[in-house]
Each structure stands twice: as structure tokens, then as C-alpha cells.
There are 2 protein chains.
Amino acid sequence: MKVSAIPAPLPATLADGVFPAGCPSRTVLDHITSKWGVLILLSLSEGEQRWSELRRRADGISEKMLAQTLKTLEKDGLVRRDAQPVIPPRVDYSLTERGRELAALLIPLVTWAFDNAEAIIGGEG
Amino acid sequence: MKVSAIPAPLPATLADGVFPAGCPSRTVLDHITSKWGVLILLSLSEGEQRWSELRRRADGISEKMLAQTLKTLEKDGLVRRDAQPVIPPRVDYSLTERGRELAALLIPLVTWAFDNAEAIIGGEG
DNA sequence: TAAGGTACTGACATGAAAGTAAGTGCCATA
DNA sequence: TATGGCACTTACTTTCATGTCAGTACCTTA
């Protein structure tokens, strides 16, 4: 596993001017770096989960935000929704291939945040 | 079925319950995934830059948000501020070691967002 | 004198994101 | 009858991130 070789250089469009306001990448970036988006994606990276499991695992999320975030991620093709026509309802959520790609990038980031949280926030007060 | 590259496993604390509301990691995550934080970090990953350069490169940012974001990142020990006592004022911003670490993780993410933006947003309308 | 550049700060406004809480339909159990 | 779980939706409210804009201190140029 090679983690930190040379960081890939920025695509040319990013290199100058980072990238223009209002371009699609900004929107995508907003979705995937959203407060709950990251948590959901991360949680699902461990495998298929039901609504109520996600609700528990994404500690503090409201039902509204869970529904809304899942919908956005589903529309973006990152999350797959599998509703089974049973009573009581059972809906399983999982990552798509694209979602797994993303999660693979998110995990090191979150792990880093986790490892450095003390140093960053602790050293602040 | 096998996922192509097995990503680093989540730290135990993340693995169950993702992670608790209100813990420092959440705060750090919010800082580094903030709308402008990512852009500033990315821009600085290309080298030291002045206030007015950053303003231009982070297309669409207001002076207030630039100041605010830079302050947060500086407090978090990700960005170094070097003010020279000259007239007119000259202030250079650069990444700290920790900032460079983070940027190295952010770059693949942003690159991915850039590469997949079309497919994600384009397929939506 | 006035305008312009640099690097900001602070007050106020707004709008989107997030929270709260209640409702929906169906069934199981008591 | 009523309570509770599942997977949501909807209406309303609040919070907060962000935007707008004016002001500051100093010097330069016209």
C-alpha cells in the first residue's frame, strides 16, 4: 500500500485560480465534503446498512438530514438504495463502485483528522 | 467480491458509530472540509502566496471569508502567516508541515471531484 | 487634494443549511 | 384500543455560514 508518495500534481485547471466559482467540481466538492455526507459515506464503506443502522452510526443526525443526504448521494451515483417490498419496510443502503472510489479517498482524510484532532484543537485553548 | 484496493481500515472509534457527535475530530473535519478551507489549502500547496494572490486564486471568495478562513487554518496550525513590516504591507501565507500533510490527502480528493464532476452532475439534470 | 493599492476589521443583512416536531401507512404485540 | 417500530415526508423555525459594504492606517502617484 503506498500512501504518501509524491502528491499528484493539481490538474491544470486547478493549478491556476484553483478553480472557477460555479463550476461542477465545486458542487461535487460541496456534496462530498458536507457535514453528514462524509459520515454516511464512511459508515457505508463498512458494508450495506439499513436506515436505522445509519441513523445510529451517524451519531447526532436527524431523520430529515439522513433522508436528504442519502438522496443527494444517491442522485450523485455514490450510494445505492435497495428497498424490499416487505412489511415492515426494509431498505438497504450501500456504496456504488464510484462511492467506493470516493470512500477510499475519504478514509485517509478522516483518519488523519482523527489522529490530529487532539493536537489541533487541544493546542488551541 | 473483492474491492480493488483495500482501503486503510477505519480506526476502531470510527468503525462503530462512525464517531460521536461533538468530539474534536468532528470540529477538525468541519474546518478542513469547509467550503473555502479546501480551496485555500489547495492553493497554498503550490507554494507561498500573498493575501491578494489568494484572493484571486480562490475565485469568488470575499475578503471577510478569506481573513476568517486563514485565521482558522492558522489557529489549527495548518497555515503559517509571515507579516513583513514594510510599507505597503506584505504578508505571505504558506503551509506548515501539518498543512502539507493534509494537502497531500486533499489533492487526490479534489482531483477525483474534478474528474468525476461531469459524470455526477451532468447525469443529474 | 483625491484616488488607489495593501491587508485587513467590524457591523449588519441574508439565505441556505440544519434542527424540531409532527404526521403517514402498515403491521405486530399487549 | 393503543403503543411501538420501520422508513420516511412535510411544515416550520432557528442557527450559522457567508455576503455586502464601509472603515482603518499608511504610503504613492497625479
Side-chain angles (χ1 to χ4, degrees), chain A residues 18-23 26-41 43-44 48-76 79-94 121, chain B residues 18-23 26-41 43-44 48-76 79-94 121:
Chain A
V18 186
F19 45 93
C23 76
R26 289 271 186 108
T27 308
V28 172
L29 210 53
D30 281 352
H31 290 184
I32 66 184
T33 63
S34 76
K35 178 170 182 178
W36 299 115
V38 177
L39 259 28
I40 302 283
L41 255 7
S43 187
L44 287 178
E48 192 172 72
Q49 277 152 63
R50 302 180 62 173
W51 165 276
S52 42
E53 286 178 85
L54 281 171
R55 189 157 153 51
R56 274 187 292 273
R57 287 168 55 90
D59 190 28
I61 198 172
S62 66
E63 300 203 320
K64 184 194 149 190
M65 287 317 295
L66 180 54
Q68 190 175 300
T69 307
L70 283 170
K71 253 181 215 163
T72 301
L73 295 176
E74 202 195 339
K75 269 210 283 186
D76 287 353
V79 163
R80 180 178 303 113
R81 180 177 182 276
D82 179 29
Q84 285 159 55
V86 296
I87 296 292
R90 177 187 180 105
V91 182
D92 291 309
Y93 291 93
S94 54
I121 303 294
Chain B
V18 187
F19 45 93
C23 78
R26 288 272 188 108
T27 309
V28 172
L29 210 53
D30 280 353
H31 289 185
I32 66 184
T33 62
S34 75
K35 178 170 181 177
W36 299 115
V38 177
L39 258 28
I40 301 283
L41 254 7
S43 188
L44 287 178
E48 192 172 74
Q49 276 152 63
R50 301 181 62 174
W51 166 275
S52 41
E53 285 177 85
L54 280 170
R55 189 156 153 53
R56 274 188 291 274
R57 288 167 56 92
D59 191 29
I61 198 172
S62 67
E63 300 203 321
K64 185 193 151 191
M65 286 319 295
L66 180 54
Q68 192 174 301
T69 307
L70 282 171
K71 252 181 214 164
T72 302
L73 296 177
E74 201 194 339
K75 267 211 285 189
D76 287 354
V79 163
R80 180 177 304 116
R81 181 177 183 277
D82 179 29
Q84 286 160 53
V86 295
I87 296 292
R90 175 183 181 107
V91 182
D92 291 309
Y93 291 94
S94 54
I121 303 294

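Note that these values count all heavy atoms, side chains included, but never hydrogens, waters or copies made by symmetry.
For B/Ile61 and C/dC8, the CD1 to P distance is 13 Å, given to the nearest whole Å. One atom, CG of B/Asp30, and another, C1' of D/dT15, lie 14 Å apart when rounded to the nearest Å. Atom pair B/Trp36:CH2 and D/dT18:C1' shows a separation of 9 Å (rounding to whole Å applied). Protein atom CD of A/Glu53 is 16 Å distant from nucleotide atom P of D/dG5, rounded to whole Å. A straight line from CG of B/Leu54 to C1' of C/dA7 spans 12 Å, rounded to a whole angstrom. One interatomic measurement links the two molecules: CZ of B/Arg55 to C1' of C/dT6, which rounds to 12 Å at whole-angstrom precision.
Put simply, CZ on A/Arg56 and OG on A/Ser43 are 11.0 Å apart, with the number rounded to the nearest 0.5 Å. For the atom pair CD of B/Glu63 and CG of B/Leu66, the computed distance is 7.5 Å after rounding to the nearest 0.5 Å. Atoms CD1 and OG1, on B/Ile61 and B/Thr69 in that order, are 5.0 Å from each other to the nearest 0.5 Å. Taking CG of B/Leu54 as the start and CG of B/Leu44 as the end, the distance is 5.0 Å to the nearest 0.5 Å.
The side chain of A/Pro88 has D/dG5 as its nearest neighbour among D/dT9, C/dG5, D/dG5. The side chain of B/Val91 sits closest to C/dA7 out of C/dA7, D/dT18, D/dT9. Side chain of A/Met65, nearest nucleotide from C/dG19, C/dG25, C/dT9: C/dG19. When distances are taken from the side chain of B/Lys64 to each of C/dC27, D/dG19, C/dG19, the shortest belongs to D/dG19. Nearest to the side-chain atoms of A/Arg50 among the listed nucleotides D/dG19, D/dC6, C/dG19 stands D/dC6.
Here A/Gln68 lies out of heavy-atom contact (under 4.0 Å) with every strand. Nucleic acid contact class of B/Ser62 (heavy atoms, under 4.0 Å, all strands): base. At the heavy-atom level, B/Arg81 lies under 4.0 Å from the strands shown only through sugar-phosphate atoms.
The one candidate from B/Gln49, B/Arg50, B/Gln84, B/Arg81 that meets the side-chain hydrogen bond (donor to acceptor under 3.5 Å, both in side chains) condition with B/Asp92 is B/Gln84.
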